**Q** 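My questions all concern the structure below.
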Amino acid sequence: MFRRKLQALDYHNPAGFNFKDETEFRNFLVWLEDQKIRHYKIEDRGKLRNIHSSEWPDQYEKYLNDVNCPFKVQDRQESIDWLLGLAVRLEYGDNVSNPDFKAGVMALANLLQIQRHDDYLMMLKAIRILIQERLSPEAVAKSNSSKEGLPVALDKHTLGFDTGDAVLNDAARILRLLHIEELRELQTKINEAIVAVQAIIADPKTDHRLGKVGR
C-alpha cells in the first residue's frame, strides 16, 4: 500500500515493508526522519533513534505533533502514509531546480507529447492532467474501443474539460487519442512518476516543513 511512495524515496525494501512489525516500523521512522524529512536538528534526534527505549512511543507521539500530522499514534497506517507524502514533497521539492530532475521532467513531457514550457512546474501540472485523464477507467475503455490508423482533427475532438490553457487542452486531446497499446508501454514509466508529480504540485504554502532546519 506504500510501495510507490517508498520507491520514490529510494527505500531499500519498498515491496516488503511491514509496518505492523514494531522493530521494522521504528527503524523505518528513524530512516524517514534522518534521510528525508529532517524536521529535527541532528542533535535532537537521539530519542527518536533509541528505538529500544520504553519511552519511544511517547517520542513518536511527540514527533507526529511536531510535524503537524493530523493522525494519532493509533492510526499507524494513516500516519505512515501522511509522513511518506510529506517526505516525497520535501524530497522532490528540494530538487525542482536540479538539472537531473529537469531532464527527467523533459523526458516525460516528450514521451507524452507535451509542448515544452520554461516553467517546469507548469509542465508537471500538464503531465498530471494528462495522466489522470488517460488512466481513468473511462478513458482506458474508450481508448480500447477506438479504431487504429485514422487521422483525427484535434479541434473536432471533445475534451470534456477545460484546463484554461489552449496548449494543455491540445496536449490532453493528443493523449486521449493515443492507442491502448501505447498506453501499456507508457504505464510502467508513468506509474513511478505519479506520486512525485502529485506531491510536487501540492500547495507548499500549507506546509510549514518547507522552512525546516537540520539539513
Side-chain angles (χ1 to χ4, degrees), residues 1-96 98 100-101 104-105 108 124 127-128 131-132 135-137 184 186-204 206-215:
M1 65 186 70
F2 307 119
R3 181 174 57 83
R4 289 181 181 176
K5 290 180 181 178
L6 291 170
Q7 286 177 332
L9 294 170
D10 293 324
Y11 186 66
H12 70 281
N13 186 24
F17 173 58
N18 181 10
F19 71 93
K20 295 181 180 179
D21 182 282
E22 191 64 29
T23 299
E24 185 172 356
F25 165 67
R26 294 185 182 189
N27 279 318
F28 158 76
L29 191 71
V30 171
W31 171 84
L32 197 63
E33 166 60 17
D34 275 346
Q35 301 297 322
K36 305 299 177 181
I37 296 179
R38 303 184 183 108
H39 180 81
Y40 293 151
K41 294 180 180 179
I42 295 176
E43 58 269 23
D44 295 334
R45 299 174 190 169
K47 291 183 178 179
L48 197 64
R49 289 171 174 168
N50 188 7
I51 63 171
H52 299 296
S53 170
S54 60
E55 298 179 356
W56 195 91
D58 292 333
Q59 182 60 33
Y60 173 51
E61 182 175 16
K62 180 179 183 301
Y63 182 73
L64 292 181
N65 290 330
D66 288 346
V67 297
N68 287 339
C69 177
F71 299 103
K72 304 298 182 183
V73 172
Q74 57 268 28
D75 305 318
R76 177 171 293 190
Q77 182 174 325
E78 292 81 1
S79 298
I80 291 175
D81 189 61
W82 187 90
L83 290 170
L84 284 172
L86 172 62
V88 169
R89 290 197 299 275
L90 295 173
E91 178 79 357
Y92 287 89
D94 286 347
N95 291 289
V96 169
N98 184 286
D100 291 336
F101 180 76
V105 172
L108 186 57
L124 286 171
I127 290 170
R128 183 202 62 169
I131 288 172
Q132 290 181 335
L135 295 184
S136 68
R184 288 169 179 164
L186 294 176
Q187 186 140 11
T188 298
K189 297 177 182 179
I190 289 175
N191 282 344
E192 296 178 356
I194 290 177
V195 173
V197 169
Q198 291 178 334
I200 292 169
I201 63 174
D203 184 4
T206 64
D207 184 4
H208 80 293
R209 281 296 306 112
L210 293 182
K212 60 185 179 297
V213 295
R215 293 193 59 81

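Given the structure is predicted, the values throughout are model-derived calculations rather than measurements. Worth knowing before you read on, the calculation uses all heavy atoms, side chains too, and leaves out hydrogens, waters and symmetry mates.
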**Q** Between Leu32 and Leu9, is a side chain to side chain contact (heavy atoms under 4.5 Å, CB included) present by the stated rule, with each step listed?
**A** CA-CA 9 Å; Leu32 197 63; Leu9 294 170; 4.1 Å; yes
**Q** Determine the minimum heavy-atom distance between Ala87 and Lys36, stating which atoms define it.
**A** CB-CB, 3.9 Å
**Q** Quick one, Arg38 and Arg45 - any side-chain contact, counting heavy atoms below 4.5 Å?
**A**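 They are in side-chain contact.
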**Q** Once rounded to the nearest 0.5 Å, what's the spacing between atom CZ of Arg3 and atom CG of Asn13?
**A** 12.0 Å
**Q** Compute both the distance and the angle, then confirm whether Arg76 meets the cation-pi test with Phe19: under 6.0 Å from the six-membered ring centre, within 45 degrees of the axis.
**A**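 Not satisfied by the 6.0 Å and 45° rule.
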**Q** List the atom of Pro57, the atom of Arg26, and the distance in Å for their closest heavy-atom pair.
**A**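 That closest heavy-atom pairing would be CG-NH2, 3.8 Å.
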**Q** Short question: side chain of Asn27, backbone of Glu24 - any donor-acceptor pair under 3.5 Å?
**A**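 No; judged by distance alone, with no hydrogens or angles, the pair does not exist.
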**Q** Can you check whether Asp81 reaches Phe71 side chain to side chain, under 4.5 Å on heavy atoms?
**A**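 No. Closest side-chain heavy atoms not under 4.5 Å.
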**Q** Counting C-beta onward and ignoring hydrogens, is there a side-chain heavy-atom pair between Phe25 and Ile80 closer than 4.5 Å?
**A**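 Of all side-chain heavy-atom pairs linking Ile80 with Phe25, at least one is under 4.5 Å.
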**Q** Quick one: pull up CZ in Arg89 and CG in Leu84 and give me the separation to the nearest 0.5 Å.
**A** 11.0 Å
**Q** Roughly how far apart are His39 NE2 and Tyr63 OH, rounded to 0.5 Å?
**A**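 The distance works out to 7.5 Å.
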**Q** Are any non-hydrogen side-chain atoms of Cys69 and Glu61 less than 4.5 angstrom apart?
**A**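 A side-chain contact is absent here, since even the closest heavy-atom pair is not under 4.5 Å.
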**Q** Please tell me whether Phe28 and Phe2 form a close aromatic pair, meaning their ring centres lie under 6.0 Å apart.
**A**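 Centroid separation for Phe28 and Phe2: 6.0 Å or greater.
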**Q** If you count every heavy atom of other residues, nucleotides or ligands that lies below 6.0 Å from Glu43 atom CD, does the total exceed 12?
**A** yes
**Q** Take Lys62 and Asp58 through the side chain to side chain contact (heavy atoms under 4.5 Å, CB included) test and state the conclusion after the steps.
**A** CA-CA 6 Å; Lys62 180 179 183 301; Asp58 292 333; over 6 Å; no
**Q** Please round to the nearest 0.5 Å and tell me the distance separating atom CD of Gln35 and atom CG of Asp10.
**A**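 It comes to 10.5 Å.
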**Q** First locate atom CD1 of Ile51, then atom OH of Tyr60, and finally report the distance between them rounded to the nearest 0.5 Å.
**A** 14.5 Å
**Q** Taking atom CG of Leu48 and atom CH2 of Trp56, what is their separation to the nearest 0.5 Å?
**A**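 Those atoms lie 6.0 Å apart.
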**Q** Side chains of Leu64 and Leu83: does their closest heavy-atom pair fall under 4.5 Å?
**A**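 When only atoms from C-beta onward are counted, Leu83 and Leu64 do touch, with a gap below 4.5 Å.
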**Q** Applying side chain to side chain contact (heavy atoms under 4.5 Å, CB included), run through Tyr40 and Asp66 and close with a yes or a no.
**A** CA-CA 9 Å; Tyr40 293 151; Asp66 288 346; 2.6 Å; yes
